[in-house]
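Okay, structure first, notes after.
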Number of protein chains: 2
Amino acid sequence: MSQAAELSCVCGKSGNCVIYNRSVCAAGSAEDLAQLDRISHQRTYARGSVIQAQGEPCDIVGNIVEGVVKLSSTSVNGDDHIVGLLFPSDFFGRLFAEESRFSYEAATDVTLCTMNKPAFERFLVEHPAIEHEMLKATLDELDAVREWAAITNGHTTMQRVATLLYVFSRRAVNQHAKGNAPASRIVHVPLSRRDIADYLGTTPETLSRNIQMLARSKVIRNINAKHFELLNPAELIRHSGETRADLDRIASV
Amino acid sequence: MSQAAELSCVCGKSGNCVIYNRSVCAAGSAEDLAQLDRISHQRTYARGSVIQAQGEPCDIVGNIVEGVVKLSSTSVNGDDHIVGLLFPSDFFGRLFAEESRFSYEAATDVTLCTMNKPAFERFLVEHPAIEHEMLKATLDELDAVREWAAITNGHTTMQRVATLLYVFSRRAVNQHAKGNAPASRIVHVPLSRRDIADYLGTTPETLSRNIQMLARSKVIRNINAKHFELLNPAELIRHSGETRADLDRIASV
DNA sequence: AGCGGCCATTGATAAACGTCAATGTGCCGG
DNA sequence: CCGGCACATTGACGTTTATCAATGGCCGCT
């Protein structure tokens with residue numbers, strides 16, 4: 001998900017494809033890609049709509065072309081927690097299971113490249129080299145989820161907020177970079193405060209207070225609710241409690 | 001990891017093997033299993049010893065035969081957080097990566113069935129059906145990690161403690177069950193208070209207070225530091241904030 | 001069996017955080 | 001252009017939890 005936007009996509013007409021971006025198809029022939037193309041098609045979902053509900057049988061998988069999808073778990077009490085965010089080129093859906101343990105919901109308006117799940121599963125079984133790449137990608141994802149869990153588990157809210165802002169700033173660079181564009185100082189966080197809070201395991205109020213704290217100390221500047229200017233990246237990194245190397249690794253997963 | 005202990009093991013002389021238990025080898029022939037047997041051997045580690053250090057090149061993988069292995073991430077500040085616990089029959093090690101993002105450490109004395117990593121990787125690539133099972137197992141693990149992250153993220157310490165105790169009680173049932181043994185009321189948690197606290201994202205002090213709270217309200221009884229008697233399972237479930245079905249699913253992963 | 005060290009528990013205190021309530025701000029439709 | 005509504009911010013307060021410090025109990029060692 002750190003690839004530039006102009007990569008061609010094998011599934012559908014345009015946009016990123018996780019299968020390609022994650023190198024899953026690096027081992028696939030042109031015929032394989034054409035076959036994938038046949039079972040895929042693009043689809044859009046409005047912000048807030050549920051792509052796949054928790055516990056429901058899941059029949060589609062695919063990848064994000066544009067927008068952000070939140071992966072969340074809703075408990076019996078009604079409060080739900082976001083266990084992951086999916087960005088353009090990320091794979092979504094639960095392969096090889098009857099139903100999804102989590103719900104996939106559009107955090108922004110999204111465009112997806114969807115595939116029929118059984119068809120894609122059959123494709124994988126028939127193409128071991130590609131399934132091998134899928135395994136590697138899943139192992140990477142496992143590391144990333146564990147790493148994020150370690151961050152949310154043991155750090156203060158300020159550290160989580162700083163980490164998130166830095167990660168989003170890096171992600172934006174990757175998305176906007178055409179060639180060697182300079183790092184943008186504008187950080188775009190396309191999520192609502194509630195979604196961010198759910199992701200960080202806190203409340204909108206505490207989140208807001210921490211954001212304003214960073215703003216008062218001139219680390220960031222509020223442009224509007226979803227845009228920030230990064231005034232002092234070094235201080236942001238310091239607040240995150242992580243090394244710059246760790247942050248960059250997290251951002252590049 | 002919810003399998004009974006008497007399953008035979010393909011790698012080494014005795015004990016559980018994740019490859020078998022997770023059905024990864026269900027698709028493998030007898031010759032395949034014999035080949036696996038040739039590249040594996042058992043090894044023991046004393047409590048506290050590091051099996052694989054964070055960031056170090058990793059050359060072995062395998063599965064837990066006996067004991068508990070903690071998977072932890074140590075930050076620059078020195079405080080480490082446990083992102084996972086590995087039990088008998090669980091797979092350990094990071095396939096298809098140069099180095100491990102986390103450290104594997106013996107939380108108790110452990111017996112491992114180890115394999116040379118490159119050799120096992122080659123084996124997987126040559127046996128797509130088994131690699132397919134490996135992918136399914138990894139996807140299951142991903143769900144489990146996310147589920148645990150949702151629990152530690154949004155719940156109170158008491159809810160986490162109750163959840164952990166219940167999960168360990170279920171796990172003990174599975175481990176001890178020979179045939180249809182009745183559910184044991186004795187819960188064995190073979191970890192130090194610090195390890196439990198790290199796993200739950202809290203401190204030993206707060207953990208201790210919550211345990212004593214449960215003891216005072218007659219939900220559990222302290223036999224000693226690592227053994228508890230489950231006096232009121234229904235109340236424990238209530239304190240966990242989860243449904244019984246959810247807890248049982250978590251325990252069986 | 002006695003000793004010493006490590007681990008668990010308990011207590012006091014302060015900081016961090018969630019909750020409830022009110023105010024402010026931006027966005028969309030009339 | 002204005003009103004309404006959802007969202008973000010700010011404030012006050014109570015609870016939870018981490019931290020610091022001390023005590024108590026268990027286990028291994030000699």
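Keep in mind it's a predicted model, so treat the numbers as computed, not measured. Each chain gets a letter, A, B and so on, in the order the sequences are listed, and its residues count up from 1.
For the pair A/T206 (side chain) and A/T203 (backbone), a donor-acceptor distance under 3.5 Å is absent.
Between B/M213 atom CE and C/dT10 atom C1' the separation is 14 Å, expressed in whole Å. Summarising the geometry, the separation between CZ on B/R209 and C1' on C/dG11 is reported as 7 Å, rounded to the nearest angstrom. Rounded to whole angstrom, the span from the NE2 atom of A/H239 across to the P atom of C/dA16 amounts to 12 Å. The distance from atom NE2 of B/H227 to atom P of C/dC7 is 17 Å, rounded to the nearest whole Å. Summarising the geometry, the separation between CD on A/Q159 and P on D/dA18 is reported as 14 Å, rounded to the nearest angstrom. Between the CZ atom of A/R193 and the C1' atom of D/dT9 there is a distance of 9 Å, given to the nearest Å. Atom CD1 in B/I223 sits roughly 19 Å away from atom P in D/dG25 (whole-Å rounding). Computed from coordinates, the A/N210 CG to C/dA15 C1' distance equals 13 Å when rounded to whole Å.
Here A/G154 lies out of heavy-atom contact (under 4.0 Å) with every strand. Across all strands, A/N222 comes closer than 4.0 Å only to sugar-phosphate atoms, never to a base (heavy-atom distances). Across all strands shown, B/E205 has heavy atoms under 4.0 Å from base atoms, whether or not it also approaches the sugar-phosphate.
Separation of the B/Y45 and B/Y104 ring centroids does not fall under the 6.0 Å cut-off.
The 5' end of DNA chain C is approached more closely, in terms of each residue's nearest nucleotide, by A/T157 than by the other of A/N224 and A/T157.
Nearest nucleotide to the B/T206 side chain, out of C/dA8, C/dT9, D/dA18: D/dA18. Side-chain proximity of B/T202 to the nucleotides C/dT19, C/dA8, D/dA18 is greatest for D/dA18.
Between B/R47 and B/D109 the shortest heavy-atom distance is N-OD1, 2.7 Å.
Environment of CD in B/E147: crowded, with over 12 heavy atoms of neighbouring residues, nucleotides or ligands closer than 6.0 Å.
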Could you walk me through whether A/R94 and B/D143 satisfy the salt bridge (charged side-chain N to carboxylate O under 4.0 Å, His left out) test, starting with their C-alpha distance in whole Å, then the side-chain angles of each, then the deciding distance to 0.1 Å, before giving a yes or no?
CA-CA 9 Å; A/R94 177 55 160 93; B/D143 273 2; 2.9 Å; yes

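Between B/S208 and the phosphate of C/dA8, there is no side-chain N or O to OP1/OP2 separation shorter than 4.0 Å.
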